[in-house]
Amino acid sequence: MKIIAFTFLSVFSIQTLFSQNNYLNQWPGFRGPFAKGFIENSATVENWNLGTGENILWQTPIPGLGHSSPVVWDNKIFVTTAISGSGENYLKVGLYGDGDAVDDDSEHEFKIYCLDKNTGKIIWERLAFKGTPAVKRHTKASHADCTPATDGKHVLAFFGSQGLYCYDFEGNLVWEKQLGKMNSGPYNAPELEWGFSSSPIIYKGKVIVQCDFLGDGFLASFDVETGKQIWRTSRDEVSTWSSPTVFEKGGKSQIVVNGWKHMGGYDFETGREIWRMSGGGDIPAPTPVFENDLIFINNAHGRFAPIYAITPSAKGDITLAEDELSNDYIVWSVKRGGAYMQTPLVYRGYLYNLQGNGSLTVYKATTGEEMYKQSLGAVGGFSASGVASGDNLYFCAEKGDVFVVKAGEEFKEILHTTMNDVLMASPAISENVIYFRAQKSLIAVGTK
C-alpha cells in the first residue's frame with residue numbers, strides 16, 4: 001500500500017507540475033498566465049511593417065466590434081465579437097471624458113471564433129446569443145469587452161448580461177449560465193450605461209467571475225465541467241471593469257480583485273474574504289498582477305490614482321491611513337500616478353505603468369523607487385495593457401500606433417509603427433508570435 005500510495009502521489013505531482021508548466025507557456029486568459037503579460041522564453045520580433053508585409057504572418061478579418069483580447073492554447077486561438085444588426089459599429093476613441101452611451105437597440109449576434117494560430121484560418125464560429133443587448137455600451141466600449149478563458153479543454157465566452165458560455169475545443173456547447181442584467185455604470189450617475197468588461201478565469205477546474213455592477217454584485221466560482229455553482233460571495237462595491245486574478249503560494253490559492261470600496265483577496269476554495277482595503281480610484285478597471293512575491297493593484301479616477309504593492313500574507317482590513325504610504329502588509333504605494341484603464345506590467349524587476357495619455361512611469365518593483373518617466377508621444381489615448389517578450393515591451397495606442405520599448409531602467413524606443421486600425425485590446429503572445437486584435441481584424445506578427 002505504501003508503494004502504491006507513493007506511486008500515486010508521484011504521478012499526481014508530475015501531472016500537476018506538467019499542467020502548471022503547460023499553463024505558464026500558454027496564453028489562457030486576459031494578459032496570459034496569471035494576467036502577467038508575458039510568457040517565459042518567447043522571442044517576438046521588434047520590427048515589422050503592415051504596409052510592406054514585413055514580418056506579417058497573416059491577417060484575418062473579424063466582423064462586428066469587440067475589445068476582448070485573443071487567447072491561445074497550443075495551435076488554437078479564440079476571440080469574441082458582437083455584431084450589430086444595424087450594420088453600424090460606432091466607436092469614439094481618443095482622450096475625452098464624456099460618459100455617453102451608444103444608442104443601438106438593434107438585434108446583435110454575440111459570437112466566438114476559433115482560428116488556427118499558424119495560418120489565421122477560421123476553424124469554427126459559434127453564435128452564443130442573438131438579441132437586443134440588455135444594457136447599452138460606452139462610446140469607447142464594445143458589447144464583447146470580456147476576454148475569453150481556456151484551459152486546453154474548455155473555452156469560455158462571457159458577454160455580461162447576455163450570459164456565460166462554455167464550449168469544448170470542437171465548438172460544442174457544454175453549458176451556459178444567465179447571470180442576470182448587469183448594468184455597469186458610474187455609481188454617481190446610474191442613468192449611464194457603459195457595458196460590462198470583467199473577464200473570466202479558469203484555474204484548477206474552476207471558473208471565477210467578478211461581477212461588480214449597480215446592483216447585487218458578487219464574486220462566484222463554478223465547476224468548469226458542469227457549470228454548477230460552487231460558491232457565491234456578495235460584494236458591496238461600485239461598478240468595476242477589472243478582471244480577477246488567482247495567486248498561489250505555499251499550496252494556498254487566493255483570488256485577488258480590484259475595487260474602490262473593496263479591493264481584496266478571497267479564499268479560492270470557499271470564497272471567504274482573507275483581506276480587504278478601500279480607497280483609490282472610484283472607477284476601477286486594471287487587473288491585479290503578481291510578481292516578485294508581491295501583489296500589485298492600481299486604479300484611477302477622482303481624488304487619487306494609487307499604485308499598491310501588497311504582501312500575499314495580508315489579513316483583515318489593510319487600508320492605509322490618509323498620511324500613510326505603507327503599513328504591515330503594504331510594502332510601498334504612490335497616491336497619484338496609477339493608470340485609469342491599463343493593467344501594469346511587472347517584468348524583470350520593474351513595474352511599467354502606462355497612463356491613458358501615453359505617460360510611461362517605471363518603478364523598481366520591490367521598493368517603488370521611480371526609475372524614469374517618459375511620454376510615448378501625442379498619438380491620442382491608450383487603453384490596452386502592455387505585454388513583454390525577451391528584452392522588449394509592447395504598448396498599443398487606440399488609434400493604431402504600436403511602441404516597442406526596451407525593458408530596463410532607462411528608456412529606449414525600438415520601434416514606432418502603426419497597424420492602420422483601432423487598437424483597444426491587449427495583444428497576446430504564443431511562442432515567438434505576437435497577436436494584435438484590431439477593430440476589423442486579427443493580425444499575427446512574427447517570423448516563419
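Being a predicted model, the structure only gives us computed values, none of them experimental.
Taking both residues in full, the closest heavy atoms of A82 and A144 are given as N-CB, 3.8 Å, listed atom of the first, atom of the second, then distance. Among all heavy-atom pairs drawn from G120 and L115, the shortest one is O-CD2, 3.3 Å. Across every non-hydrogen atom of A407 and L393, the tightest pair is CB-CD2, 3.9 Å. Between P28 and G32 the shortest heavy-atom distance is CD-C, 3.7 Å. Minimum heavy-atom separation, A35 to P288: CB-O, 4.3 Å. Listed here is the closest heavy atom pair of V155 and D168: CG1-O, 4.2 Å.
When side chains are defined from C-beta on, Q254 does not count as touching Y266, because their heavy atoms never get closer than 4.5 Å. Taking the side chain as every heavy atom from C-beta outward, S359 and T361 approach each other to under 4.5 Å. Under the 4.5 Å side-chain criterion, counting only non-hydrogen atoms from C-beta, L294 is not in contact with I310. Looking at heavy atoms from C-beta onward, W260 lies in side-chain contact with Y187 at the 4.5 angstrom threshold. Contact check for L351 versus I307: side-chain heavy atoms found under the 4.5 Å cut-off. Side-chain contact between E125 and E109 is absent, with no heavy atoms from C-beta onward closer than 4.5 Å. Within the 4.5 Å cutoff, no side-chain heavy atoms of K136 are placed close to those of V102. Proximity of Y363 to Y352: side-chain heavy atoms (C-beta onward) are nowhere separated by under 4.5 Å.
In this structure, the side chain of R31 does not engage the main chain of A428 through any donor-acceptor pair within 3.5 Å. Side-chain atoms of S69 come within 3.5 Å of backbone N or O of S426 as a donor-acceptor pair. Checked by atom type and distance alone, the side chain of K153 never pairs as donor or acceptor with a backbone atom of F169 at under 3.5 Å. Side-chain N or O atoms of S239 include none that pairs as donor or acceptor with a backbone N or O of S184 at under 3.5 Å. Listed for the S199 side chain is no donor-acceptor partner under 3.5 Å among the backbone atoms of S243. The backbone N or O of T287 lies less than 3.5 Å from no partner atom in the side chain of N258, so there is not a single donor-acceptor pair. Side-chain N or O atoms of R437 include one that pairs as donor or acceptor with a backbone N or O of G66 at under 3.5 Å.
Salt-bridge annotation for K117 and E431: present, with a side-chain N of the basic residue lying under 4.0 Å from a carboxylate O of the acidic one. Between K249 and D293 a salt bridge is recorded (basic side-chain N to carboxylate O distance below 4.0 Å). Between D116 and K121, none of the side-chain N atoms (NZ, or NE/NH1/NH2) sits under 4.0 Å from a carboxylate O, so this pair counts as no salt bridge. The existence of a salt bridge linking K261 and E237 is excluded, since no basic side-chain nitrogen approaches an acidic carboxylate oxygen closer than 4.0 Å. With respect to the salt-bridge test (charged N to carboxylate O, under 4.0 angstrom), the residues E398 and K140 qualify. Salt-bridge annotation for E193 and R137: absent, with no side-chain N of the basic residue lying under 4.0 Å from a carboxylate O of the acidic one. A salt bridge between R235 and D212 is present, with a side-chain N of the basic residue lying under 4.0 Å from a carboxylate O of the acidic one. The pair K92-D98 counts as a salt bridge, with a side-chain nitrogen and a carboxylate oxygen less than 4.0 angstrom apart. The pair E170-R126 does not count as a salt bridge, with every side-chain nitrogen at least 4.0 angstrom from each carboxylate oxygen.
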Quiz prompt | Full working for side chain to side chain contact (heavy atoms under 4.5 Å, CB included) between V422 and L91 | solution = CA-CA 9 Å; V422 171; L91 190 66; 3.9 Å; yes
Self-check item: Stepwise side-chain hydrogen bond (donor to acceptor under 3.5 Å, both in side chains) test for Y340 and Q355
Solution: CA-CA 7 Å; Y340 180 22; Q355 294 178 298; over 6 Å; no
Exercise. May I have the step-by-step check of side-chain hydrogen bond (donor to acceptor under 3.5 Å, both in side chains) for S441 and Q59, ending in yes or no?
Key: CA-CA 6 Å; S441 65; Q59 182 173 6; 2.9 Å; yes
Exercise. Evaluate the side chain to side chain contact (heavy atoms under 4.5 Å, CB included) criterion for residues L156 and V207: first the C-alpha distance (whole Å), next the side-chain angles of each, then the deciding distance (0.1 Å), finally the verdict.
Key: CA-CA 9 Å; L156 288 166; V207 177; 3.4 Å; yes
Quiz item: So L325 and L320, side chain to side chain contact (heavy atoms under 4.5 Å, CB included) or not? Walk me through it.
Solution: CA-CA 7 Å; L325 292 175; L320 289 169; 5.7 Å; no
Practice problem: Please lay out, stage by stage, how Y96 and T139 fare under the test side-chain hydrogen bond (donor to acceptor under 3.5 Å, both in side chains). | Solution: CA-CA 11 Å; Y96 64 93; T139 50; 2.9 Å; yes
Exercise. In sequence, state the C-alpha distance, the side-chain angles, and the governing distance for D74 and Q26, and then conclude on side-chain hydrogen bond (donor to acceptor under 3.5 Å, both in side chains).
Key: CA-CA 7 Å; D74 291 340; Q26 306 289 350; 2.9 Å; yes
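Below 30°, between 30° and 60°, or above 60°: for W124 and Y167 the angle between ring planes is between 30° and 60°, a tilted geometry. Between H143 and H108, the ring planes lie perpendicular to each other; the angle is over 60°, past the 30° to 60° tilted range. Aromatic ring orientation, F213 versus F218: perpendicular (interplanar angle above 60°, classes split at 30° and 60°). Between F268 and Y203, the ring planes lie perpendicular to each other; the angle is over 60°, past the 30° to 60° tilted range. The aromatic rings of F382 and F403 sit tilted relative to each other, their planes meeting at an angle between 30° and 60°.
Between S389 and the choices N41, V45, I429, the side chain to side chain contact (heavy atoms under 4.5 Å, CB included) rule is met once, by I429. For the side chain to side chain contact (heavy atoms under 4.5 Å, CB included) test with S68, the passing option among D145, V79, I112, T81 is V79; the others fail. Between F158 and the options F196, F30, F110, a ring pair (Phe, Tyr, Trp, His ring centres under 6.0 Å) holds for only F196.
M263 contributes atom CE, which lies 12.5 Å from atom CD1 of I295 (distance to the nearest 0.5 angstrom). The CG atom of N298 sits 7.0 Å away from atom OG1 of T343, with the distance rounded to the nearest 0.5 Å. We find the NE2-OG1 distance between H262 and T319 to be 9.0 Å, quoted to the nearest 0.5 Å. The CD1 atom of I208 sits 9.0 Å away from atom CZ of F222, with the distance rounded to the nearest 0.5 Å.
A side-chain N or O of H416 and one of D401 form a donor-acceptor pair less than 3.5 Å apart. Neither side chain, T240 nor S242, offers a donor N or O lying under 3.5 Å from an acceptor on the other. Of the N and O atoms on the side chains of S106 and D104, at least one donor lies less than 3.5 Å from an acceptor on the other residue. Side chains of T44 and Y394: a donor on one and an acceptor on the other come within 3.5 Å. No side-chain N or O of Q342 forms a donor-acceptor pair with one of S385 less than 3.5 Å apart. Counting only N and O atoms by type, the side chains of W332 and E369 include no donor and acceptor under 3.5 Å apart.
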